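Nothing here was measured: the structure is a model prediction, and the numbers come from that model. We count ligands from 1, going down the list as the structure has it; atoms in each ligand are counted the same way. The basis for the numbers below is simple: all heavy atoms, side chains too, and nothing from hydrogens, waters or symmetry mates.
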Amino acid sequence: MSQESSPAAPANFIKNIIEADLAAGKHAQRRWGGKPGPAADHAGAPLDTAKIRTRFPPEPNGYLHFGHAKSILLNFGLAEHYGGRCHLRFDDTNPEKEEQEYVDSIIESVRWLGCSWQSGGENNLYYASDYFDEMAAFADYLIAAGHAYVDSQTAEDMRANRGTLTQPGRDSPFRNRSVADNQELFRRMKAGEFADGAHVLRARIDMAAPNINLRDPAIYRIRHATHHNTGDQWRVYPMYTFAHPIEDALECITHSICTLEFEDQRPFYDWLLERLAEGGLVQRPLPQQIEFSRLNLTYIVLSKRKLIQLVDEKHVDSWDDPRMPTLAGARRRGYAPAGFRLFAERIGVSKTDSLIDYSRFEDAQREVMNETDERRVAVLDPLKLIIDNYPAGQVEQCLAPNHPQHPERGQRPLPFSRELWIEAEDFQETPAKGFHRLTPGSRARLRYGYVVECTGCDKDDSGKVIAVHCHYLPETKSGTPGADSVKVQGNLHWLSAAHAYAAEVRLFDRLFTVPAPGARREGDAPDLERDFLADINPASKTRITAQLEPSLQNAQPEQRFQFERHGYFAADRRDSQPGRPVFNRVVTLRDSWQGKGN
Ligand code: ATP
Ligand code: MG
């Protein structure tokens with residue numbers, strides 16, 4: 001993460017906040033008891049060796065998507081940069097929606113991005129549900145201190161009395177219950193004596209507060225539900241807005257970074273932690289919530305609800321379908337974690353909402369892959385090229401560099417023989433204007449091999465070209481003296497037909513045909529509502545049988561290469577068999593989308 005090194009480093013206002021805090025020594029006196037806990041657990045402990053603590057707090061109710069990658073790289077990146085730690089915390093306080101499958105995939109994706117919650121001799125992987133005891137104890141404290149009460153209004157009355165943006169709310173008739181009554185009622189709520197919704201525990205703040213979130217927000221509700229971690233132990237569950245600040249405080253988080261929609265919650269976040277700190281329950285200085293704008297990208301959707309719909313309704317094959325904007329999908333497709341990092345650095349962090357063009361993500365990926373990936377040859381749409389003056393049965397080796405900018409990565413032999421595969425589009429019997437490859441009478445170089453002169457073609461009964469004929473010029477072998485003496489315009493890739501092997505290759509295109517799937521478009525009737533599913537690209541996946549250079553047979557799952565002239569391709573991590581890799585096209589060499597369909 002070297003933003004400083006790049007001349008056009010984008011703004012990251014959060015760095016400014018952290019640097020000011022570090023300069024002021026704001027967190028220098030913080031203690032860390034080795035694991036999360038209330039103030040008393042940290043009080044006698046040594047000073048925290050972590051300069052800052054951040055966290056990534058996913059709710060395990062779905063797979064992570066590209067937007068989460070921004071948050072992960074930001075939080076782990078800041079911790080790394082400033083000598084701090086970043087915690088991975090499963091925000092699993094909601095009993096209904098969480099599943100182990102999601103926990104596992106989140107762990108895998110965070111690791112895949114190269115982020116670690118194990119650093120400085122610590123293992124900072126936490127589950128918010130492990131804090132239920134502390135949360136309930138803190139609620140008891142708030143009741144005792146007069147800061148919380150049990151409300152027994154119906155949900156309807158509660159809603160009606162909440163007021164609006166322009167009108168203050170009205171106090172609940174239960175707002176002035178005695179502390180003893182509140183304690184007794186909350187005890188009975190916890191004991192499971194009441195039905196769901198019969199009572200809620202609310203913070204007592206101000207029903208006339210201009211910010212609706214401060215009008216006595218609910219902090220505990222009754223839910224007779226089994227929780228994946230705590231089973232049937234609890235009959236009440238904390239509200240997210242109550243749980244989250246407490247999780248941060250117990251973990252001694254210094255900078256609690258979240259997306260902009262939580263901005264209106266910040267006053268309650270601060271109110272709650274102030275009250276708990278007054279009671280000596282959480283350590284000062286308190287964590288600071290900082291909001292940034294979420295990532296939005298064109299041509300994809302980034303909402304768990306929509307992603308679930310794509311999977312459930314079988315518009316894609318699975319959560320890790322290479323077309324899905326999930327991190328599991330990105331990994332399977334073959335995108336590079338370093339490409340995510342480069343992209344995240346480039347877009348920066350701000351408070352302004354923006355829609356970023358998907359091609360910027362692809363460009364970052366290409367830039368990384370161009371540097372890291374070895375080159376190989378693949379013929380995706382094979383057509384026979386017969387060299388009539390090359391001896392049948394003869395084979396010679398041509399040397400192809402593994403990376404043109406890195407000679408130290410060596411070369412590999414490519415067998416050359418009389419019958420080759422070339423791309424069908426590299427031959428035109430009647431050349432279109434500007435066509436510079438093979439056409440009767442033209443010369444082209446077979447990359448790493450010889451210059452050939454096209455002599456004609458064979459056709460089947462329907463007139464389709466089934467083979468191209470040529471002569472080779474023996475003095476022109478690449479790497480030999482005088483090889484360049486013959487002028488050519490085209491430069492083609494090829495494979496020896498007897499040595500290449502046929503393999504399945506999957507070509508992916510964008511999953512949606514429009515930049516903002518489901519959004520209204522210019523000229524739409526006022527009452528027209530669009531469905532993002534109607535914008536799905538029906539041709540987002542094509543399977544072909546391609547001819548690949550022999551060495552690719554040994555590609556390991558997830559290994560990625562640049563197929564010359566085509567793009568970047570990775571061996572599928574699920575469908576590849578030993579000796580029989582199946583390749584996914586990650587991205588083409590250049591952005592080809594603009595020209596589509598024209
Ligand atoms: P979604 O809105 O897609 O359902 P979420 O916010 O409910 O996502 P969480 O599991 O609660 O998903 O998110 C974990 C963290 O990831 C949160 O801190 C959240 O702010 C952040 N996050 C989610 N979506 C984005 C995004 N598009 N860009 C940046 N950060 C995001
Ligand atoms: Mg959420």
Side-chain angles (χ1 to χ4, degrees), residues 12-14 53-79 86-94 96-99 101-107 109-110 113 115 117 125-129 239-241 243-245 247-248 251 253 255-266 269 287-312 319 324-330 340-341 343-356 358 360-361 516-518 532:
N12 179 340
F13 72 98
I14 299 178
R53 285 186 187 269
T54 57
R55 85 285 173 270
F56 173 65
E59 201 178 329
N61 62 352
Y63 281 69
L64 298 181
H65 53 59
F66 284 27
H68 292 118
K70 176 173 176 178
S71 177
I72 293 167
L73 294 170
L74 176 63
N75 280 293
F76 282 91
L78 289 170
C86 182
H87 300 187
L88 174 59
R89 177 203 307 149
F90 289 102
D91 213 323
D92 60 351
T93 52
N94 182 345
E96 272 118 17
K97 295 185 295 187
E98 286 122 17
E99 285 178 32
E101 177 193 348
Y102 298 133
V103 169
D104 295 342
S105 86
I106 289 170
I107 288 179
S109 292
V110 174
L113 278 178
C115 297
W117 50 90
L125 176 72
Y126 302 113
Y127 290 84
S129 59
M239 303 300 286
Y240 178 82
T241 49
H244 201 87
E247 295 158 21
D248 285 343
E251 292 182 20
I253 298 301
H255 302 86
S256 173
I257 301 164
C258 62
T259 40
L260 277 178
E261 67 271 23
F262 294 102
E263 198 164 17
D264 291 347
Q265 292 290 351
R266 185 167 9 110
Y269 184 104
Q288 180 187 358
Q289 176 179 309
I290 304 165
E291 309 86 16
F292 71 100
S293 68
R294 50 173 53 226
L295 171 67
N296 296 302
L297 275 171
T298 56
Y299 294 102
I300 63 173
V301 292
L302 289 181
S303 115
K304 278 182 200 154
R305 184 181 59 77
K306 289 179 181 169
L307 296 176
I308 286 172
Q309 223 179 324
L310 287 171
V311 176
D312 285 353
W319 277 103
M324 282 287 274
T326 54
L327 296 183
F340 275 92
R341 283 177 183 251
F343 174 65
E345 276 179 35
R346 285 195 177 153
I347 58 175
V349 178
S350 78
K351 280 188 175 282
T352 319
D353 271 316
S354 65
L355 181 62
I356 294 177
Y358 195 75
R360 288 187 66 192
F361 170 72
F532 80 104

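Each of the following atoms of ligand 1 lies closer than 4.0 Å to a heavy atom of S303: 3 (O). Of all the atoms in ligand 1, the ones that sit under 4.0 Å from a non-hydrogen atom of L302 are 3 (O).
Among the atoms of L295, some N or O lies under 3.5 angstrom from an N or O of ligand 1. For the pair E261 and ligand 1, the shortest N or O to N or O distance does not fall below 3.5 Å. Among the atoms of K70, none of the N or O lies under 3.5 angstrom from an N or O of ligand 1.
Here the options are I356, V301, D353, the test is side chain to side chain contact (heavy atoms under 4.5 Å, CB included), and the partner is N296; only D353 passes. Of the candidates R53, E247, R55, H87 forms a side-chain hydrogen bond (donor to acceptor under 3.5 Å, both in side chains) with just one, namely R53.
Taking only non-hydrogen atoms, the option from R294, R305, E59 nearest to atom 6 (O) of ligand 1 is R294. The closest non-hydrogen atom to atom 29 (C) of ligand 1, taken over S293, G67, P325, S71, comes from G67.
With a 4.0 Å heavy-atom cut-off, ligand 1 is reached by the side chain of F56 but not by its N, CA, C or O.
Between atom OH of residue Y358 and atom CZ of residue F66 there is a gap of 4.0 Å, rounded to the nearest 0.5 Å. Rounded to the nearest 0.5 angstrom, T93 OG1 and Y127 OH are separated by 14.5 Å. M324 CE to L310 CG: the interatomic distance, rounded to the nearest 0.5 Å, is 5.5 Å. Distance check, rounded to the nearest 0.5 Å: NZ of K70 to OG1 of T259 gives 9.5 Å.
Under 3.5 Å, the side chains of Y63 and E101 contain a donor-acceptor pair of N or O atoms.
No heavy atom of F262 sits closer than 4.0 Å to any atom of ligand 1. Between H65 and ligand 1 there is a heavy-atom distance shorter than 4.0 Å.
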